[in-house]
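Down below is the structure, laid out as structure tokens.
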Protein chains: 2
Amino acid sequence: MPQEHAEVFSRNCGECPIRHRAVCARCEPDELAELDMIKYYRSFEAGQTIIWSGDQMDFVGSVVSGIATLTQTMEDGRTQMVGLLLPSDFVGRPGRGAAAYDVVATSDLVMCCFRKAPFEEMMGRTPHIAQRLLEMTLDELDAAREWMLVLGRKTAREKIASLLSIIARRNATLNMQGPKGQMVFDLPLTREAMADYLGLTLETVSRQVSALKRDGVIELKGKRHVTVPDFERLLDEAGDDSDGGMLA
Amino acid sequence: MPQEHAEVFSRNCGECPIRHRAVCARCEPDELAELDMIKYYRSFEAGQTIIWSGDQMDFVGSVVSGIATLTQTMEDGRTQMVGLLLPSDFVGRPGRGAAAYDVVATSDLVMCCFRKAPFEEMMGRTPHIAQRLLEMTLDELDAAREWMLVLGRKTAREKIASLLSIIARRNATLNMQGPKGQMVFDLPLTREAMADYLGLTLETVSRQVSALKRDGVIELKGKRHVTVPDFERLLDEAGDDSDGGMLA
DNA sequence: CGAACGGTTGATCAAGATCAACGTCGGTGG
DNA sequence: CCACCGACGTTGATCTTGATCAACCGTTCG
């Protein structure tokens with residue numbers, strides 16, 4: 001049986017770790033106060049399904065800590081990840097009743113949830129929220145399109161390198177470092193989840209990770225702890241042009 | 001040399017064929033009048049590149065008539081389509097200076113362009129525009145995610161069937177018919193463009209189209225004119241569950 | 001301890017890529 | 001008028017990448 005998270009979170013938005021990146025990033029104190037009235041926290045453990053595709057959704061919200069995946073599954077069991085949710089990412093689609101994808105917690109996870117109806121109502125008259133959500137959605141769309149190139153045209157090796165560089169870069173921006181030189185991080189995904197991300201089998205993922213290690217593109221400590229000695233080299237293996245998608 | 005379009009378009013938004021579906025769908029008469037002051041029409045011929053990836057963009061806009069594609073290209077020439085733009089679809093990303101993708105007119109095309117800076121300024125104080133753009137962006141994100149499943153997990157035959165069903169469905173909603181029973185339409189894409197859409201080679205596209213024809217899933221008159229005798233059958237071949245993605 | 005889970009590695013197979021030839025249609029210029 | 005060319009499409013033969021099937025390892029957890 002799931003044991004309740006012992007950890008206690010401050011309800012105070014001022015202390016919120018994702019305050020400056022989430023949907024509420026642009027909100028004024030009075031707007032935060034209003035959001036506060038319709039918000040609540042929920043904890044999930046690793047492996048738990050947060051939302052089932054097709055379910056009626058009565059909340060939207062932000063990932064506060066932990067990692068979740070958005071996945072689509074065909075009747076015969078083939079599954080494709082279509083979103084990777086990190087802290088500050090938004091869950092749920094205002095204006096739609098039913099969830100379109102499964103949302104699964106990959107690690108232990110905390111969400112800041114807003115009751116859906118009041119949130120939608122508030123969004124309608126609070127440009128600060130609507131604007132921020134638009135911005136975040138446009139970013140997600142860009143990420144999805146980058147991902148489509150990976151899925152449609154890259155080789156298995158390039159796919160793995162692409163995924164590693166994406167995780168490395170996200171990690172760097174989270175720690176507010178530039179993405180260059182040596183980088184170290186932990187893989188937040190199992191080999192199977194990586195396969196579902198990249199449209200591969202887990203065997204192919206395992207082989208290509210080993211190959212990148214053998215060729216010195218990455219170093220591994222255990223199965224998950226990755227060191228990238230030369231980020232440019234990794235980008236090269238990913239087939240990305242060197243600028244790495246820096247957009248004005 | 002490109003010959004100028006002889007056709008003349010009414011500047012009048014009241015007669016605009018995409019009025020009810022575009023970014024301006026929710027605008028009041030006074031807002032339309034303001035948009036009118038920053039708008040202009042541009043025509044492109046089939047094959048013409050509208051925007052090059054990396055270019056500075058000085059406008060955003062809506063496709064009024066015709067079809068365009070968003071594509072990404074790797075240094076070695078591999079290309080992946082990441083968006084298919086039909087009438088009423090929006091082009092450009094407010095808040096970003098440089099284009100992230102190539103935009104190419106697949107057919108002769110007319111765009112209703114807005115000068116970027118004034119449009120962004122106006123969006124900041126016109127919720128009707130921002131809200132509609134958010135809604136359209138969320139729809140595009142959903143489409144991109146559906147597409148990711150196609151790219152990552154479907155077989156070549158399923159990919160072709162998926163593309164045909166998407167085009168058939170879009171066509172049906174444009175003509176305001178329900179997507180069922182017999183459907184007839186023209187393919188707006190060459191075999192090569194279909195391949196770039198689906199992450200296949202043009203040879204595989206050709207073979208699978210022939211196979212679907214041989215198996216009676218579709219009928220062809222010429223290379224482009226398609227008849228789908230049984231839409232359910234097509235959905236089945238696409239591996240989609242029967243509801244066809246009808247979401248509340 | 002044994003089972004479950006995550007991961008690695010090997011042998012074999014098949015879907016789709018690649019290379020190549022050919023067909024059709026619609027201009028265009030001699 | 002016809003010959004030629006280029007764009008688009010089809011089909012065949014062969015090759016390669018990644019899938020599939022299978023065995024096995026190490027860790028963790030009842």
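Predicted, not measured: the structure shown is a model, and the values here were computed from it. Convention: sequence-line order gives letters A, B, ...; per-chain numbering from 1.
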Interatomic distance where CZ belongs to A:R214 and P belongs to C:dT9 [whole Å]:
9 Å

List, one per line, each side-chain donor-acceptor pair under 3.5 Å for residues 185-200 of chain A, sequence neighbours excluded.
residue : atom : partner : partner atom : Å
A:D186  : OD1  : A:H225  : ND1          : 3.0
A:T190  : OG1  : A:E192  : N            : 3.4
A:T190  : OG1  : A:A193  : N            : 3.0
A:R191  : NH1  : A:K223  : O            : 3.4
A:R191  : NH2  : A:K223  : O            : 3.1
A:D196  : OD1  : A:T79   : OG1          : 3.3
A:D196  : OD1  : B:R153  : NH2          : 3.1
A:D196  : OD2  : A:T79   : OG1          : 3.1

Pairs under 3.5 angstrom only: tabulate donor-acceptor contacts from the side chains of residues 209-218 of chain B to other protein residues two or more places apart or in another chain.
residue : atom : partner : partner atom : Å
B:S210  : OG   : B:S206  : O            : 3.0
B:D215  : OD2  : B:R157  : NH2          : 2.2

Give the minimum heavy-atom separation between A:M81 and A:T71, together with the two atoms involved.
CA-CG2, 3.9 Å

Determine the minimum heavy-atom distance between B:A172 and B:M183, stating which atoms define it.
CB-CE, 3.6 Å

Rounded to whole Å, CG of B:L202 lies from P of D:dT11 at a distance of 13 Å

d(CG, B:L220; P, D:dT10) in whole Å
8 Å

Any carboxylate oxygen within less than 4.0 angstrom of a Lys/Arg side-chain nitrogen, looking at B:E237 and B:R233?
yes

Reading 5' to 3' through nucleotides 16-26 of chain D, protein heavy-atom contacts under 4.0 Å coded B for base, S for sugar-phosphate only, - for none
--SSBBB----

Here the distance between atom C1' of C:dC5 and atom CD of A:E192, to the nearest Å, is 10 Å

In whole angstrom, give the distance that lies between atom CG of A:D196 and atom C1' of C:dG6.
14 Å

Find the distance B:M194:CE to D:dC8:C1' and express it as a whole number of Å.
13 Å

Rounded to whole angstrom units, what separation is found between the CZ atom of B:R191 and the P atom of D:dC8?
12 Å

Once ring-ring contact (aromatic ring centres under 6.0 Å, His included) is applied, what residue pairs with a partner in residues 151-171 of chain A remain, sequence neighbours excluded?
none

Ordered by number, residues from residues 221-229 of chain A within less than 4.0 Å of DNA chain C (heavy atoms) are A:K223, A:R224

Can you tell which of B:L164, B:L234, B:V184, B:I167 makes a side chain to side chain contact (heavy atoms under 4.5 Å, CB included) with B:V228?
B:L234

Does any pair with a residue in residues 155-183 of chain A pass ring-ring contact (aromatic ring centres under 6.0 Å, His included), and if so which ones, sequence neighbours excluded?
none

